[in-house]
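Keep in mind the model is a prediction, meaning the values are calculated, not measured. Residues: numbered from 1 along the sequence shown. Indexing begins at 1, ligand by ligand and atom by atom, following the structure's order.
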Amino acid sequence: MRGAGKHDGLFEIRLDCWAPDALKNLDPLRALLGACQQPTIVTFRAAAEGGRCDADYETRLRFWRDEGLELPAKFVDLELDIAEQLIHGAGSVDWSRVICSYHNQVEVPADLKQIFERLAATPARVLKVAVRVNDAVDCLQIFDLLEPAKRAGREIIAIGMGAAGVTTRILGPARGAFLTYASLGDRHATAAGQISIEELTDVYRVEKISSETVITGLVGRPVGHSISPQIHNAAFSSSQTDAVYIPFEVRDLKAFFKRMVHPRTREIDWRLRGLSITAPHKTAVLAELDWIEPAAQEIGAVNTVVVEDNRLCGYNTDASAFVEVLKNRLGSLGNARIAIIGAGGAASAALFSLKQENASAIIFVRDMKKAKQFADRWAIESRDLEHAVFAEFDVVVNATPLGTSGELENETPAHARQLRGARLAYELVYNPPVTQFLLEAQAAGCETLAGLPMLLTQAAQQFQLWTGRTANSDVMQAAAIKALNSDI
Ligand code: NDP
C-alpha cells in the first residue's frame with residue numbers, strides 16, 4: 001500500500017492472497033484499511049474464480065456474513081453465488097458498496113449474456129465480468145457488455161484476462177467501464193494479462209484515452225515480448241498525438257480483420273488508423289487487404305496496414321528500413337557482396353531491397369531442399385549453412401531468430417572462425433541488444449550492426465504512414481532502450 005500511495009485510484013486487497021491464519025483476527029486488517037489514504041476494495045476470491053487459497057464456499061460466505069461486510073473499505077467485491085445468497089439471507093447489506101463479480105479463468109463462456117443478466121438482477125452498485133480471452137476478437141464480447149449495463153443504469157467492469165485481452169484493460173475506461181485493473185509491477189500481477197500501473201499510465205496513458213483517440217497496434221502471436229508499444233506510444237506522446245498503440249494477440253487473423261478491423265464489416269466503433277503486423281501473420285494478411293504496395297506484393301509480406309477511409313492498404317517498411325540502415329553504414333551498396341543467413345520473411349525483405357540497390361546476395365540455409373523454392377523465386381544462389389565460410393563477403397546478415405532472448409539466446413547461426421575476413425556482421429535480432437552472433441563477429445574482428453536501428457527505422461516509417469508526420473527518432477530510441485533494459 002505504501003508503494004501504491006503515489007498513484008490515484010482504488011486499491012484492491014485480495015484476502016485470498018493472505019496467509020489463512022491472518023484472517024482469524026481481522027483487527028490488523030481493519031487498522032490497515034483505516035490508515036490507508038486511498039479508497040479500497042476488499043475481496044476474497046474463490047479458488048474456482050482465480051483465488052489463491054482454497055477456502056470453500058461456506059467459509060467465504062461465513063467470512064462475509066460475520067465480519068467481511070463491515071470492513072472499513074469503500075467497496076467489497078462478492079462473487080455472484082455469494083451475493084445471491086446474501087440477497088435471500090437474514091441481515092442487511094449495503095449494496096451501494098458491493099461489486100458483484102463473475103470470473104472465468106478458462107474462456108469466454110457461451111452463456112456470458114445470461115451470467116450478466118444474473119449479475120444485473122442483484123442490487124449491487126457495480127457489476128464485474130472478468131473472463132479469459134484466448135483470441136483478440138473475443139474482446140468484442142467483453143465490450144458488448146458495456147452498452148447494456150449503461151442502458152440499465154449500472155456501473156460495470158468488463159475485463160478480458162490473458163494476453164489477448166489486454167485491449168479491454170487499456171480501452172475499457174474510455175468505453176464506459178467503471179475501472180480497469182493494474183498491478184504494482186509484474187511480480188504483483190494478480191490475473192493473467194494484467195499490466196503494471198506504470199505501463200498503463202506511462203506507456204498507454206490510459207487516463208487520456210477517449211472515444212476520439214486514434215487506435216493503432218501490433219497484430220501477431222505472441223506479442224507480449226514486443227517493444228513496439230513502448231516505441232510507438234512514446235512517439236505519439238511526444239508529438240501530442242491523441243493516439244494509442246495496443247498489442248493485439250491474434251489467433252484467427254481472418255476473424256479479427258472482419259470483425260474488428262475492416263471499416264465495412266467491423267463490429268466495433270473505433271477510430272482505427274493502422275496496424276503493425278508481425279509473425280506469424282505477415283503473409284496471411286495480404287488476403288485481407290484492399291490494396292498492397294508493389295514492393296510488399298513482390299516480397300510477399302506486409303508489416304504495416306493503413307486504414308484509408310473504407311479501405312485497408314498494406315505496406316512493407318522492413319525492406320526499406322533494412323537497406324536504409326545498411327546504406328547509412330556502408331554508403332553505396334552497388335558492388336557489395338552480401339550473405340544472408342535464413343530464408344524467411346526478413347530474408348525476403350532484405351533480398352527485395354538489395355535487388356533495388358544492385359547488390360549481389362547469396363543465402364545460407366540449414367535445409368537446402370526446403371530452401372530451393374525460395375532461392376528459385378529470388379533467382380539467387382543458396383549454400384549450406386553448416387559448412388559456410390564468410391571471408392569473401394562484405395556483409396553477413398543474421399535473418400534467423402537465433403540469439404533472440406529466451407530459449408534461443410545463446411545460439412548463433414555462425415561462429416567467429418566462419419566470420420573471420422567478412423567486413424560487417426548485420427544482426428536483425430534486436431532483443432537482446434548484443435547477441436551471440438554479434439559477439440562472435442567482434443571476436444572475428446568484424447564491424448557490427450545491431451538489430452535495433454532497423455526496428456526503429458521501420459517504426460518511424462509506420463508513424464509517418466499513419467500520421468503523415470515525421471517521428472521523433474530520439475524519443476523512439478530512448479523508449480526502446482528503456483524497454484530493452486527493463487527486460488533484462
Ligand atoms: P521466419 O520464421 O520467416 O524465418 C526464419 C528463418 O530462420 C527461416 O529460414 C528458418 O529456417 C531460419 N532458421 C530458424 N532456426 C534456424 C536454425 N536453428 N538454424 C538455421 N536457420 C534457422 O522469421 P523472420 O524472417 O520473420 O525473422 C527472422 C528474424 O529477424 C527474427 O528474429 C525477427 O525478430 C528478426 N526481424 C527483425 C526485424 C528488425 O526490425 N530488426 C524485422 C523483421 C525481422 P527454416 O525455414 O529451416 O525453419
Legend entry - Whether D367 lies under 4.0 Å from ligand 1, heavy atom: no
Legend entry - Whether A399 lies under 4.0 Å from ligand 1, heavy atom: yes
Side-chain ([X]) to main-chain ([Y]) donor-acceptor, under 3.5 angstrom:
{"X": "Q458", "Y": "L455", "result": "yes"}
{"X": "W270", "Y": "M260", "result": "yes"}
{"X": "N316", "Y": "A319", "result": "yes"}

Inset, instruction - Could you tell me if the ring centre of F364 sits under 6.0 Å from that of F390? - result: yes
Legend entry - F322-F352 aromatic ring centre distance below 6.0 Å: no
Between [X] and ligand 1, is there a nitrogen or oxygen pair with a distance under 3.5 Å?
{"X": "A347", "value": "no"}
{"X": "L455", "value": "yes"}
{"X": "E411", "value": "no"}

So which heavy atom in the protein is nearest [atom], and how far is it from that ligand atom?
{"atom": "atom 9 (O) of ligand 1", "value": "A343 N, 2.7 Å"}
{"atom": "atom 21 (N) of ligand 1", "value": "T400 CG2, 3.7 Å"}
{"atom": "atom 31 (C) of ligand 1", "value": "P401 CA, 4.1 Å"}
{"atom": "atom 17 (C) of ligand 1", "value": "R366 NH1, 3.4 Å"}
{"atom": "atom 4 (O) of ligand 1", "value": "G344 CA, 3.3 Å"}
{"atom": "atom 36 (N) of ligand 1", "value": "L428 O, 4.0 Å"}
{"atom": "atom 3 (O) of ligand 1", "value": "G345 N, 2.9 Å"}
{"atom": "atom 27 (O) of ligand 1", "value": "A346 CB, 3.9 Å"}

Answer yes when [X] and [Y] have at least one side-chain N-carboxylate O distance shorter than 4.0 Å, and no when they do not.
{"X": "K128", "Y": "D77", "value": "yes"}
{"X": "K258", "Y": "E288", "value": "no"}
{"X": "E386", "Y": "R366", "value": "no"}

Inset, instruction - Determine, for F393 and R337, whether the Lys NZ or Arg CZ falls below 6.0 Å from the six-membered ring centre while staying within 45 degrees of the axis. - result: no
Legend entry - Heavy-atom nearest neighbour of atom 43 (C) of ligand 1 within options K282, E427, Q458: K282
Show which atoms of ligand 1 fall inside a sub-4.0 Å distance from at least one heavy-atom site of [X].
{"X": "V429", "value": "32 (O)"}
{"X": "G342", "value": "9 (O)"}
{"X": "L385", "value": "20 (C)"}

Legend entry - Stepwise ring pair (Phe, Tyr, Trp, His ring centres under 6.0 Å) check, F463 with F236: CA-CA 9 Å; F463 183 94; F236 288 145; 5.7 Å; yes
Legend entry - Interatomic distance, T213 atom OG1 to R205 atom CZ [nearest 0.5 angstrom]: 8.5 Å
Part of [X] with heavy atoms under 4.0 Å of ligand 1, whether side chain, backbone, both or neither:
{"X": "I341", "answer": "neither"}
{"X": "K370", "answer": "side chain"}
{"X": "L452", "answer": "neither"}
{"X": "M454", "answer": "both"}

Legend entry - Stepwise side-chain contact (heavy atoms from CB on, under 4.5 Å) test for I341 and L385: CA-CA 7 Å; I341 309 175; L385 178 61; 3.6 Å; yes
Inset, instruction - Could you please spell out the steps behind the side-chain hydrogen bond (donor to acceptor under 3.5 Å, both in side chains) verdict for H262 and N310? - result: CA-CA 7 Å; H262 206 296; N310 273 341; over 6 Å; no
Inset, instruction - Take Q464 and T470, measure what side-chain contact (heavy atoms from CB on, under 4.5 Å) needs, and give me the verdict at the end. - result: CA-CA 5 Å; Q464 172 96 39; T470 306; 3.8 Å; yes
If you scan the protein for heavy atoms around [atom], do you find one that is closer than 4.0 Å?
{"atom": "atom 33 (C) of ligand 1", "answer": "no"}
{"atom": "atom 19 (N) of ligand 1", "answer": "yes"}
{"atom": "atom 41 (N) of ligand 1", "answer": "yes"}

